[in-house]
Number of protein chains: 2
Amino acid sequence: MTAHDGERRRDRILTAAERLFSEAGIDGVSMREIAAEAGVQLALISYYFGTKQELYRAVFRRRIEPVSEERLAMLQRILERKNPPPAIEDVLDALARPWVELRDTRGGLLYTRLIAREVSDLRESKRGIVKEMLDPVARRFIAAMEKVLPDLPRSEIHWGYHFFIGALLLLLMSTDRTQRLSGPLCDMSKSQKVIDEIVGFFSRALKTAAAERRSASGRKAKSAKGKRR
Amino acid sequence: MTAHDGERRRDRILTAAERLFSEAGIDGVSMREIAAEAGVQLALISYYFGTKQELYRAVFRRRIEPVSEERLAMLQRILERKNPPPAIEDVLDALARPWVELRDTRGGLLYTRLIAREVSDLRESKRGIVKEMLDPVARRFIAAMEKVLPDLPRSEIHWGYHFFIGALLLLLMSTDRTQRLSGPLCDMSKSQKVIDEIVGFFSRALKTAAAERRSASGRKAKSAKGKRR
DNA sequence: ATTTTTATTAGACGTCTGATCAATTTCCTT
DNA sequence: AAGGAAATTGATCAGACGTCTAATAAAAAT
């Protein structure tokens with residue numbers, strides 16, 4: 001085959017690996033299966049990526065950077081906005097949307113499953129993919145949450161972040177079960193709906209908690225202007 | 001070795017398999033590794049469990065039933081209680097506690113990781129472990145949530161359930177990352193604390209939503225004590 | 001036009017895989 | 001104490017595994 005489409009072949013390998021890894025994990029897929037799926041000779045994978053582990057990392061690298069950049073860009077736009085001032089739902093939206101919407105496009109769903117699988121893997125820390133590629137973005141978002149919810153203790157912000165990510169991950173990775181248990185009650189078909197539900201739920205929860213804190217400390221100090229809600 | 005500890009050997013195999021499967025998944029572990037970890041001859045695994053898949057299922061079966069029974073017993077005790085009447089935090093507590101506390105005891109942590117891994121596996125539906133062993137309990141709990149929060153639309157109950165399970169799973173399976181990102185702000189060492197945080201967060205969120213519904217529908221229809229779904 | 005570099009192929013390597021066998025030991029029942 | 005069932009062993013099977021190497025084909029550089 002011509003080498004003119006060389007870049008295409010390298011990409012085809014990544015796409016095939018992404019599909020298969022997301023279904024069965026790094027150990028559930030053989031290099032030969034990947035080669036076959038990509039319509040490529042086995043040795044070509046080693047030529048481009050070296051070992052299987054390195055191929056695995058390359059699959060992540062291709063997708064993480066665009067999503068992270070979009071998330072951070074959205075976040076910065078929000079934080080710089082003057083009116084209306086940035087709110088928690090905007091921050092959570094910037095966290096969820098680039099990811100959830102990736103689901104709709106090119107094999108994005110596969111990639112979200114891949115991430116979910118990686119996070120749940122005990123050997124993850126050995127590979128360090130999450131730590132290297134995802135943690136920096138996470139810290140930025142947590143900081144933003146602290147900024148837009150100054151009344152809420154930092155520990156509650158952090159808990160909320162982890163709960164939110166957990167909910168998001170489960171939703172993205174096990175849509176089957178959600179459908180099985182909830183059927184028409186939870187419509188997962190439209191990304192927009194899913195984002196609205198999860199962002200709405202968590203920002204309501206966090207805002208309520210912040211309001212309670214505010215009124216509690218207001219009560220403690222003399223000028224209790226009322227226990228909101 | 002004496003066959004007197006025959007049942008012990010069968011159990012040793014299960015324990016070893018549980019440890020290794022939870023770390024590396026069904027494909028990341030070989031029968032030989034399991035045999036070595038259990039201090040047992042390779043063929044003995046096939047003797048007791050047949051194929052590798054069947055061993056995998058047996059690992060789940062051993063743990064799921066006790067936890068499910070405890071959950072359902074707690075749930076029933078709660079629902080039958082007259083005063084104070086059952087509240088959402090009791091239901092969520094019954095959902096989380098038997099699982100989180102399992103973490104402290106015998107290799108329970110490993111098992112929770114195993115479940116998390118299984119839920120995130122696309123081939124899960126083929127094996128059907130989650131569907132067969134976990135879904136029935138899930139339905140009971142969703143029904144209970146609907147019962148103690150009659151004002152909340154069913155769809156919001158379902159979303160809340162999935163969010164809760166997602167948060168719980170992530171917390172149980174990736175404690176490393178939680179510590180890495182939040183350090184002392186999220187103390188994962190005491191199970192009691194973790195349960196309190198997650199149960200508190202979600203029951204506050206759901207109760208607030210229900211209260212808003214109540215006042216909203218109270219506003220819409222005048223004295224309507226609620227269009228119960 | 002010739003050399004150098006980059007892509008791509010075909011094949012084989014030693015090792016490990018899950019499964020199965022007959023043979024042997026241990027246990028339980030009588 | 002004998003006999004049958006259950007437990008355990010060591011060995012072996014064909015095949016799949018990831019990786020490597022040498023050879024070829026195409027492209028780029030000179």
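None of the values given here were measured: they were computed from a predicted structure. Below, chain A is the first sequence line, B the second, and so on; all start at residue 1.
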Exercise. Can you tell which of A/Arg19, A/Arg12, A/Arg32 makes a salt bridge (charged side-chain N to carboxylate O under 4.0 Å, His left out) with A/Glu37?
Worked result: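 Filter result, single survivor: A/Arg19.
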For this session: I would like to know whether A/Tyr47 and A/Gln41 meet side-chain hydrogen bond (donor to acceptor under 3.5 Å, both in side chains); could you show each step before the answer?
Result: CA-CA 10 Å; A/Tyr47 172 73; A/Gln41 203 65 20; over 6 Å; no
Under 4.0 Å between a side-chain N/O of [X] and OP1 or OP2 of [N], yes or no?
| X | N | value |
| --- | --- | --- |
| B/Ser30 | C/dC16 | no |
| B/Gln41 | D/dT8 | no |
| B/Tyr47 | C/dA19 | no |
| A/Arg9 | C/dT9 | yes |

Please report, rounded to the nearest Å, how far the [atom2] atom of [N] is from the [atom1] atom of [X].
| X | N | atom1 | atom2 | result |
| --- | --- | --- | --- | --- |
| B/Tyr48 | C/dT20 | OH | C1' | 18 Å |
| B/Phe49 | C/dG18 | CZ | C1' | 16 Å |
| A/Arg8 | C/dT8 | CZ | C1' | 16 Å |
| B/Asp11 | D/dA7 | CG | P | 13 Å |
| A/Arg10 | C/dA7 | CZ | P | 10 Å |
| B/Asp27 | C/dC16 | CG | P | 18 Å |
| A/Glu33 | D/dG18 | CD | P | 8 Å |
| B/Ile13 | D/dA7 | CD1 | C1' | 11 Å |

For this session: Would you give the length of the straight line joining atom CD1 of A/Ile64 to atom CD1 of A/Ile115, rounded to the nearest 0.5 angstrom?
Result: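 Rounded to the nearest 0.5 Å, the CD1-CD1 separation comes out at 4.0 Å.
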Exercise. Just checking, is any N or O donor in the side chain of B/Tyr161 or B/Glu146 under 3.5 Å from an acceptor N or O on the other one?
Worked result: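 There is no such pair between these side chains.
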Exercise. Does A/Ser30 reach the main-chain N or O of A/Glu33 with its side chain, forming a donor-acceptor pair under 3.5 Å?
Worked result: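 Side chain of A/Ser30 to backbone of A/Glu33: a pair is present.
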Exercise. If pairs are Watson-Crick or G-U with both distances under 3.5 Å, what is the dot-bracket string of DNA chain C, marking crossing pairs with [ ] and pairs to another strand with |?
Worked result: .||||||||||||||||||||||||||.||
For this session: Under the ring-ring contact (aromatic ring centres under 6.0 Å, His included) rule, collect the residues that match up with B/Phe164, sequence neighbours excluded.
Result: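 Expected list: B/Phe202.
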Problem set entry | Residues B/Asp135 and B/Lys131 bridged, charged N to O under 4.0 Å |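 Salt bridge absent between B/Asp135 and B/Lys131.
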Nucleotide N/O to protein N/O under 3.5 Å, stretch nucleotides 19-23 of chain D:
from: D/dT19; atom 1: OP1; to: A/Thr51; atom 2: OG1; distance (Å): 2.9
from: D/dT19; atom 1: OP2; to: A/Lys52; atom 2: N; distance (Å): 3.0

Exercise. Nearest heavy-atom pair of A/Gly28 and B/Arg123: which atoms, and what distance?
Worked result: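 Answer, listing the atom of A/Gly28 first, then B/Arg123: CA-NH1, 4.4 Å.
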For this session: Compare every heavy atom of B/Met188 with every heavy atom of B/Leu171, then report the nearest pair and how far apart it is.
Result: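 Heavy-atom minimum between the residues: O-CE, 3.4 Å.
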